[in-house]
Amino acid sequence: MCSPLLCVSGKEITLLMQTLNTLSTPEEKLAGLCKKYAELLEEQRNNQKQMRVLQKKQSQLVQETDHLRNEHSKAILARSKLESLCRELQRHNRTLKDDGMQRARVEEEKRKEVTSHFQVTLNDIQAQMEQHNERNASLRLENSELAEKLKKLIQQYELREEHIDKVFRHKELQQQLVDAKLHQAQELLLESEDRHHREKDFLLKEAAESQRMCELMKQQEVHLKQQLSLYTEKFEEFQTTLSKSNEVFTTFKQEMEKMTKKIKKLEKETTMYRSRWESSNKALLNMAEEKTLQEREFDSLQGKVGRLEKLCRALQNERNELSKKVQDLKLKVMSVREDCAALKVLILRFGSFVHSFENSCTQCSCKSQAKESLCPKCHPIP
């Protein structure tokens, strides 16, 4: 460490020399120099302390700036991560929304197709039922008519058989018996339909021709048997149609049960998809709320980052100012050191001058005062 006297500037040296010239004795001058040296030393120590404090502040500021830079980089990384997460959330929301809309459209189309198909089948079934009802009603009417005709024919056939038996039994009887039988036959034929009035009249008119009437009766019997066989065939056909209609009704009933099962299944699926859609909507709402919270956090982080950037700028400016001050102080310390070195040289020269003055001062009348003071006329201060 250099002497503080070397750090004194030219003006301070001139002031010091002036103060030293005002002093009378060299002891006072040395005491003044020592005092000045002590002051300069104290000032140098204070400057060094200030320099250490400023260096510590500078190191702290450097550490704080490094810490702030790390936090800023972390905030930037968190911001980039949040932005990527927001983009992924937006993509996921869009995909979920598109999937939900597409599923809803597909389910709506399926439901429309099923309802239209079900409506068409119901209309067909109703038309078939109406046709079957009409056909069943017509068949019932025909069946009732055929039953009545069969009853009438059976009655007629029985009456005719009785009449034929009576005719064959009593053909050789007297005309009275024949008239009585004819009267009985007329009474029996009056109970039958209008068709057989002609036969009754023919029997009344042609009583004599009983043999031919018997042959005609036989022919009619054959014809009635044929009609009876036809009616029985029609009745069997009616029974088969009824059984077929019953089978159709059972198949229709089975189809109706299947359609009801399908409808129940589709209703369950629609409720399931509806619940899924509602859950996806809830998830979307939750994600939107999380997104808003993340946006708020992102905005707060952006504000913090802005404040940190402002702080960094202010600290950088303060650091620059402090570095400038430190450089100024260094320059001052260097100048003080240089002045101290010059002052030390002056003090050495002054000491050598005083020593030579004490030994060889013979040119003026101040020889008695050589040990006490300097003569400015004989020995001017260089």
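In what follows, residues are counted from 1 in the order of the sequence shown. Values below: every heavy atom of this structure, side chains too, minus hydrogens, waters and symmetry copies. Because the structure is predicted, anything quoted here is derived from the model rather than measured.
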message: Between Lys268 and Met272, is the side-chain contact (heavy atoms from CB on, under 4.5 Å) condition met? List the steps.
response: CA-CA 6 Å; Lys268 287 179 181 178; Met272 183 178 69; over 6 Å; no
Could [X] and [Y] be called an ion pair, given the rule that one side-chain N must be under 4.0 Å from one carboxylate O?
X      : Y      : value
Glu255 : Lys258 : no
Arg87  : Glu83  : yes
Lys225 : Glu221 : yes
Lys261 : Glu257 : no

task: Establish, from distance only, whether the side-chain atoms of Glu71 and His67 form a donor-acceptor pair under 3.5 Å.
output: yes
Give, for atom [atom1] of [X] and atom [atom2] of [Y], the distance between the pair rounded to the nearest 0.5 Å.
X      : Y      : atom1 : atom2 : value
Glu289 : Leu285 : CD    : CG    : 6.5 Å
His92  : Asp99  : NE2   : CG    : 9.0 Å
Glu145 : Leu139 : CD    : CG    : 11.5 Å
Leu82  : Leu77  : CG    : CG    : 11.0 Å
Glu108 : Arg111 : CD    : CZ    : 4.0 Å
Glu39  : Lys35  : CD    : NZ    : 6.0 Å

Any chain of hydrophobic side-chain contacts (each under 4.5 Å) joining [X] to [Y]?
X      : Y      : value
Met51  : Leu61  : no
Ile263 : Val106 : no
Leu68  : Leu322 : yes
Leu301 : Ile76  : no

field: Step-by-step side-chain contact (heavy atoms from CB on, under 4.5 Å) determination, Gln119 to Thr115
entry: CA-CA 6 Å; Gln119 191 66 34; Thr115 50; over 6 Å; no
query: Are Met287 and Asn93 close enough, and set up right, to give a side-chain contact (heavy atoms from CB on, under 4.5 Å), and what steps lead you there?
result: CA-CA 8 Å; Met287 289 171 77; Asn93 289 329; 3.2 Å; yes
- request: Side-chain contact test, heavy atoms from C-beta onward, threshold under 4.5 Å: evaluate it for Glu267 versus Thr270 and give yes or no.
  value: yes
message: Is any side-chain heavy atom of Met256 closer than 4.5 Å to one of Thr121?
response: no
message: Evaluate Gln219 against Val222 for side-chain contact (heavy atoms from CB on, under 4.5 Å), listing each step before the verdict.
response: CA-CA 5 Å; Gln219 289 178 1; Val222 172; 5.7 Å; no
